[in-house]
Amino acid sequence: MKRVGVDVGGTFTDIMYCTDDGQVAVHKVPSTPQDPAVATVEGVRELCGELGAGLDELGQFLHGTTVATNIVLEHNGSDIGLITTEGFRDILHIARKKRPLNYSSYQDLPWQKWQLVKRRNRRVVPERVNAAGEVLVPLDSDAVREQVRVLVANGVEAIAVCFLHSYRNPAHEQEVKQILAEEAPGVFVSLSSEVAPQYREYERFSTTALNAFVGPKVAGYIDRLAATTRSAGVRGDVGLMTSAGGLVTARRAAENPVLLLTSGVVAGLLGGCAIGKASGYPSVITLDVGGTSADVGVAPDGGLRMKHLLDTRIGDYHAMVPMAEVDTIGAGGGSIAFVDEGGMFRVGPRSAGAVPGPACYARGGTEPTSTDAMVEMGWLRADSFLSGAMRVEPQLATKAITDQVADPLGTSVAEAAVGIFQILAHAMTEAISLHSVRKGYDPRDFSLVAEGGAGPLYAWHIAEQLGIPRVIAPHHPGIASAMGLLATDIRSEIPATVWTSSDDPDLQRISGEFDRLTAQAVEQLGADGLDPADVSVERSLDCRYLGQGYELRVPAPNGPITADWVARASEIFHEVHERTYSQRFDDKPVHIVNVRVTAVGKVGEVPLPAVAAGGPDPSDAVKATVDAIFWTTSNRVGTFSTTVYDRDRLRAGNVLAGPAIVEQFDSTTVVGPGQTAIVDAVGHLVISTGNSGDTAGEGA
């Protein structure tokens with residue numbers, strides 16, 4: 001089968017094509033922010049044309065998108081309504097007591113300043129279900145119809161339905177859904193019992209409202225993408241990456257678009273896991289640096305870590321949906337360097353983006369960026385950018401850095417360029433530390449996978465700072481996220497609240513919910529076209545000590561639900577709690593709050609063909625020897641004689657001595673002074689960093 005993965009970034013759209021017999025090809029085109037589907041389809045068309053393959057031969061079209069993310073961050077979603085239980089109109093306004101600035105009386109609360117639902121569109125109806133799922137007040141269907149008509153008259157495009165305790169008994173929400181089909185056909189409908197069927201009313205309300213907020217626009221984008229791919233001749237269905245690191249069909253994504261909130265960043269982590277596994281280093285930290293942002297993920301033994309559900313935010317809002325733990329910071333190739341009003345030297349998070357881009361692109365940009373800095377340092381060469389497909393103008397980079405950084409600071413252009421790099425690299429280093437050291441993981445036990453167009457330019461230095469022993473620059477660093485799409489399985493995760501403790505467990509309820517959720521998850525994948533025989537099931541638990549306010553997600557033991565099973569689950573929780581917080585309390589009962597079932601349908605792996613073998617001598621791949629700017633252990637900036645290599649001419653077994661620059665179409669890799677790199681069997685460049693911060697040699 002022929003498959004294609006497309007990851008849309010802020011600056012470039014990355015594409016990877018592969019076949020079951022091992023053919024792999026990549027492509028990169030500028031993104032089209034006004035309609036990402038344009039670059040997506042045109043890029044695939046160009047790549048298939050180069051390969052002599054028809055779009056009608058594609059069996060799978062897999063896609064990672066930031067459309068939902070951007071809608072939330074830019075506060076430009078749909079005008080929506082909310083129907084809720086009488087007396088609970090203002091849950092979305094009140095939220096939790098925690099405020100962004102604890103000691104400020106004048107702060108703006110973002111969930112109030114940028115309301116998901118205007119108060120006039122929050123409508124209440126008589127109904128009440130208790131925490132056990134028992135109906136205390138029947139639903140007043142006439143009141144529902146009246147409020148729906150008000151919302152339709154107000155012009156809402158979507159309606160969220162959130163009733164108290166509907167996670168235990170969804171009957172009232174289902175009845176409202178039927179009424180909406182009659183009274184408001186064509187309006188996007190979001191039910192909390194379908195979007196987030198678990199306890200915590202504020203987070204459940206926020207998630208359901210977010211689903212409605214992004215729903216019409218995301219569904220429209222997915223429909224346009226599907227229609228465009230069909231008209232282009234693609235036979236296979238469109239699959240989309242979710243925040244949890246799995247694929248869903250276009251149909252399911254359009255129905256539940258809140259699943260896509262961090263779709264664009266998770267693919268890079270999954271690609272890094274596949275890259276590390278192929279090179280024999282399964283425990284990886286991924287650094288995916290694009291034009292506007294850097295994504296950082298940590299995968300011990302190649303497994304994704306999931307965020308705590310009270311930490312799953314997007315922008316200013318809670319989104320209680322499964323999200324892989326990936327952090328995004330405003331640091332990329334387009335990050336703008338400037339001296340602020342107080343005389344401080346700063347870089348980012350503001351970015352030049354795709355338009356106008358860095359000054360050296362000669363597209364009208366005049367502000368210096370990190371890309372301009374690396375052009376000035378000699379790491380990005382004018383005639384070799386994107387393999388010559390795009391020429392850069394070094395003199396424009398020099399002018400921008402001189403006028404806006406070097407002269408105001410009274411320093412040389414070289415020192416200013418190094419400063420731009422180091423400030424941005426420090427931000428990335430801090431992000432990696434936050435997700436490794438501060439979460440109980442030692443970076444020295446991991447390999448750093450450098451991804452994105454700019455990741456391999458930064459990774460050598462960041463690994464030195466953190467003591468990471470090696471950097472893996474994959475064969476196609478700039479396309480790693482697209483590779484992650486192709487290495488991802490179809491997944492469906494469903495939770496249920498059980499609310500029981502280890503000192504008096506409700507074994508029947510736990511077992512019954514696991515059985516119900518398993519049947520429901522497998523049925524969902526069956527509706528997506530998978531044979532149930534090809535679907536595996538994973539079970540997990542959200543647990544806490546009795547009396548704690550927050551849960552940790554832990555894997556559930558195998559086997560039937562018995563007292564021994566509860567004891568094993570409690571021990572797993574003790575171990576996870578100790579790893580997370582450095583303490584365990586064996587004498588405390590363990591409270592099982594939620595159970596979860598994830599059905600997994602295998603899609604297939606990306607074949608990584610072996611590259612031709614060669615000896616240690618890489619001289620056949622040498623393109624030039626240039627003077628490039630680096631610095632010593634004492635941070636003295638100097639010029640180093642640096643060998644430039646052509647990545648396509650490197651062979652397995654070649655050994656490169658730093659400083660070195662390795663050029664290819666989708667990225668450029670830097671091997672720092674004192675470091676060595678070897679090309680492994682599948683073409684990945686494995687850089688040995690030496691001791692943390694130990695850069696050898698003095699500049700010329």
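Basis for what follows: all heavy atoms, side chains included, without hydrogens, waters or symmetry-related copies. Small disclaimer: the values here were computed from a predicted structure and weren't measured.
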- request: Show your working on side chain to side chain contact (heavy atoms under 4.5 Å, CB included) between Leu287 and Glu451 and close with a plain yes or no.
  value: CA-CA 6 Å; Leu287 176 68; Glu451 303 174 356; over 6 Å; no

- prompt: Taking it one step at a time, do Val498 and Val593 satisfy side chain to side chain contact (heavy atoms under 4.5 Å, CB included)?
  reply: CA-CA 6 Å; Val498 294; Val593 178; over 6 Å; no

- prompt: Going through the distances and angles, do Arg123 and Thr84 end up as a side chain to side chain donor-acceptor pair (under 3.5 Å)?
  reply: CA-CA 6 Å; Arg123 317 301 298 185; Thr84 189; over 6 Å; no

- request: Step by step, work out the side chain to side chain contact (heavy atoms under 4.5 Å, CB included) result for Arg128 and Phe88.
  value: CA-CA 11 Å; Arg128 191 63 178 267; Phe88 294 88; 4.0 Å; yes

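In this structure, Glu575 does not pair ionically with Arg579, as no charged nitrogen and carboxylate oxygen lie closer than 4.0 Å. Using a 4.0 Å cut-off between a side-chain N of Lys or Arg and a carboxylate O of Asp or Glu, Arg168 and Glu134 do not qualify as a salt bridge. A salt bridge links Arg491 with Glu538; the closest basic N to acidic carboxylate O contact falls under 4.0 Å.
You'll find the side chain of Val148 reaches within 4.5 Å of the side chain of Ile83, heavy atoms only. Side chains of Leu136 and Val129 form no contact here, defined as non-hydrogen atoms less than 4.5 Å apart. Inter-residue side-chain proximity for Phe573 and His591 is flagged as unmet; no heavy-atom pair is nearer than 4.5 Å.
For Thr65 (side chain) and Val67 (main-chain N/O), a donor-acceptor pair under 3.5 Å exists by modelled atom type. Of the possible donor and acceptor atoms, none in the side chain of Ser433 sits under 3.5 Å from a partner among the backbone N and O of Val437. Not a single donor-acceptor pair under 3.5 Å links the side chain of Arg596 to the backbone N or O of Leu517. Side-chain atoms of Asn169 come within 3.5 Å of backbone N or O of Gly133 as a donor-acceptor pair. A distance-only check finds no donor-acceptor pair linking the side chain of Asn256 to the backbone of Leu259 [under 3.5 Å]. Under a 3.5 Å cut-off, the side chain of Ser243 and the backbone N or O of Thr262 do form a donor-acceptor pair.
Remark: His165 pairs with Tyr167 by the ring-ring contact (aromatic ring centres under 6.0 Å, His included) rule, at least two apart or across chains. Legend: residues meeting ring-ring contact (aromatic ring centres under 6.0 Å, His included) with Phe205, ordered by chain and number and at least two apart, are absent. For Tyr202, the ring-ring contact (aromatic ring centres under 6.0 Å, His included) test picks out His318, with sequence neighbours left out. Under the rule for a salt bridge (charged side-chain N to carboxylate O under 4.0 Å, His left out), the partners of Glu194 that lie at least two apart in sequence or sit in another chain are Lys177. Evaluation of the side-chain contact (heavy atoms from CB on, under 4.5 Å) rule for Thr312 yields Lys307, Leu309, Met323 as partners, not counting sequence neighbours. Applying the salt bridge (charged side-chain N to carboxylate O under 4.0 Å, His left out) rule to Glu182 yields the partners Arg145; only residues at least two apart in sequence or on another chain are considered. Applying the salt bridge (charged side-chain N to carboxylate O under 4.0 Å, His left out) criterion to Glu86, with sequence neighbours excluded, gives no partner residue. Residues passing the ring-ring contact (aromatic ring centres under 6.0 Å, His included) test with His75, sequence neighbours excluded: Trp114. Not counting sequence neighbours, the partners of Asp14 by the salt bridge (charged side-chain N to carboxylate O under 4.0 Å, His left out) test are Lys28.
Exactly one residue among Ser206, Ser192, Ser193 makes a side chain to side chain contact (heavy atoms under 4.5 Å, CB included) with Cys162. That residue is Ser192.
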Taking only distance into account, with no hydrogens and no angle test, what donor-acceptor pairs under 3.5 Å do side-chain atoms of residues 424-431 form with protein atoms, sequence neighbours excluded?
| residue | atom | partner | partner atom | Å |
| --- | --- | --- | --- | --- |
| Thr429 | OG1 | Ala425 | O | 2.9 |
| Glu430 | OE1 | Arg438 | NH2 | 3.3 |

Exercise answer: donor-acceptor pairs, residues 213-225 side-chain atoms, under 3.5 Å, sequence neighbours excluded:
| residue | atom | partner | partner atom | Å |
| --- | --- | --- | --- | --- |
| Lys217 | NZ | Asn76 | O | 2.3 |
| Tyr221 | OH | His63 | NE2 | 2.7 |

Exercise answer: donor-acceptor pairs, residues 548-555 side-chain atoms, under 3.5 Å, sequence neighbours excluded:
| residue | atom | partner | partner atom | Å |
| --- | --- | --- | --- | --- |
| Gln548 | OE1 | Tyr545 | N | 2.8 |
| Gln548 | NE2 | His577 | NE2 | 3.1 |
| Glu551 | OE2 | Arg200 | NH2 | 2.6 |
| Glu551 | OE2 | Arg544 | NH1 | 2.7 |
| Arg553 | NH1 | Glu493 | OE2 | 3.2 |
| Arg553 | NH2 | Glu493 | OE1 | 2.8 |

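Checked against the 6.0 Å centroid criterion, the rings of Phe338 and Phe345 do not qualify as a close aromatic pair. The aromatic ring centroids of Trp499 and Tyr199 lie less than 6.0 Å from each other.
Within a 6.0 Å radius of CZ in Arg584, other residues, nucleotides and ligands contribute more than 12 heavy atoms.
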